[in-house]
Amino acid sequence: MSGQLVNVSSIEQPKPKEYKDFFSFFLTALLGASINFISRIFYRQFFDFDVSVFCGYLTATVLTFIPTKRYAFSAGKTGNTGREAVKFLAIALLALIVQVYVSKYVLEWIATPLLPDPGQKIWRETGSHVVGMGMSFLANYFGHKLLTFRSTGMYDKILSRSSKEKEEQI
C-alpha cells in the first residue's frame, strides 16, 4: 500500500447508538403492536372496547419481553432477567394505562364526534386504538430505556439495606 492514499472521508460513519436503540425498539414494538392490534380484534368479539384494548396489550406485553430485552436493548446476557422482568412489567403497566385511557378518550372525545355514523364504528375504534398505541409506544420506549434495561442501583441499595437490617437483628 505504499504510495496510495486512502480517502477516509468516504467511509460511512456509524450511527449514534440512540438511533440504533430507537430503531431496534421500533421493530420490536411493531411486533408488539401487531400482536396487540390483532388480539384486540379477537378479544372485541367477547368484550367491550376498553377491555379488548386491555387484553390485547397484556397479550403483546407477555410475548414481547424477550425480543425487547435481547434485540431492542441488547440486554440478553445481563444476568438480571428477573429484575428486568419486574421493571418491564411496571413500565408496561404504566404504558397500558396510557394506552387504554388515550384510546378510550380519543374514541369518546374525538373519533365519535368526527365519525358519528354507526357504520363507522370500526374506523372510530381502530383509529382510537392506533393513537393509544402510539402514546403507549413512547411511554414504553422511554421507560424501558431509562429504567428497565439500565442498572439504576436501586436493587443493590435494597439488597444492602436488607443485609444491614439482618445484621442489626443479630
Side-chain angles (χ1 to χ4, degrees), residues 16-114 122-162:
K17 185 174 178 353
E18 290 79 29
Y19 292 126
K20 180 190 171 289
D21 287 350
F22 186 81
F23 184 69
S24 297
F25 183 76
F26 177 77
L27 292 178
T28 57
L30 193 58
L31 170 67
S34 301
I35 294 167
N36 183 336
F37 193 75
I38 292 166
S39 62
R40 190 267 310 167
I41 292 169
F42 169 76
Y43 292 128
R44 186 66 174 106
Q45 296 173 9
F46 307 101
F47 305 110
D48 68 5
F49 179 71
D50 300 355
V51 173
S52 66
V53 169
F54 177 84
C55 292
Y57 185 88
L58 289 180
T59 302
T61 298
V62 169
L63 295 176
T64 58
F65 171 69
I66 296 298
T68 302
K69 175 181 171 53
R70 292 189 69 196
Y71 302 112
F73 293 102
S74 303
K77 296 178 182 178
T78 62
N80 298 325
T81 301
R83 272 186 268 167
E84 291 165 348
V86 169
K87 292 190 281 185
F88 188 86
L89 290 174
I91 295 299
L93 179 61
L94 176 66
L96 168 65
I97 292 166
V98 168
Q99 180 173 318
V100 169
Y101 283 100
V102 168
S103 297
K104 177 182 177 175
Y105 292 122
V106 166
L107 177 65
E108 210 175 289
W109 297 340
I110 298 170
T112 300
L114 287 176
I122 192 165
W123 295 110
R124 287 192 307 259
E125 289 185 353
T126 300
S128 299
H129 187 205
V130 168
V131 172
M133 288 168 61
M135 294 292 108
S136 175
F137 168 81
L138 293 174
N140 267 303
Y141 175 73
F142 289 109
H144 294 320
K145 180 175 179 55
L146 298 173
L147 181 67
T148 304
F149 299 109
R150 184 174 139 201
S151 178
T152 60
M154 185 64 74
Y155 179 78
D156 296 329
K157 288 177 186 176
I158 292 170
L159 193 60
S160 70
R161 180 180 292 165
S162 128

Can you find a heavy atom in the side chain of H129 that is under 4.5 Å from one in the side chain of N36?
yes
Minimum heavy-atom separation for P67 to L31, with atom names?
CG-CD2, 4.3 Å
Which value, rounded to the nearest 0.5 Å, describes the distance between T64 atom OG1 and L30 atom CG?
11.5 Å
Flag the pair M133 / Q99 as yes when at least one side-chain heavy-atom distance between them is below 4.5 Å, and no otherwise.
yes
With a cut-off of 6.0 Å (strictly less than), are more than 12 heavy atoms of other residues, nucleotides or ligands near CZ of F88?
yes
Let me confirm one number: the CD1-NZ distance from I91 to K145, rounded to the nearest 0.5 Å.
13.5 Å
Shortest non-hydrogen pair, T61 vs A92, comes out as CG2-CB, 3.6 Å
Polar side-chain atom of T112 near backbone of E108 as donor-acceptor pair, under 3.5 Å
no
Can a side-chain donor-acceptor contact be found between S128 and Y105 if the only test is distance below 3.5 angstrom?
no
Any cation-pi pair here, R40 with F37, using under 6.0 Å and within 45°?
yes
When rounded to the nearest 0.5 angstrom, what is the spacing between CZ in R44 and CG in D50?
9.0 Å
Do V100 and L96 have side chains that approach each other closer than 4.5 Å (heavy atoms only, starting at C-beta)?
yes
Working to the nearest 0.5 Å, report the span between CD1 of I38 and OG1 of T59.
11.5 Å
Does the side chain to side chain contact (heavy atoms under 4.5 Å, CB included) test come out yes or no for S103 and F49, once each step is laid out?
CA-CA 9 Å; S103 297; F49 179 71; 4.1 Å; yes
OG1 of T126 to CD1 of I41: how many Å apart, nearest 0.5 Å?
6.0 Å
Please examine the side chains of Y43 and F54, heavy atoms only from C-beta on, and report whether any two atoms are closer than 4.5 Å.
no
Does the plane of the ring in Y141 sit parallel, tilted or perpendicular to the ring in F25? Use 30° and 60° as the thresholds.
tilted
Enter the distance from L147:CG to E84:CD here, rounded to the nearest 0.5 Å.
10.5 Å
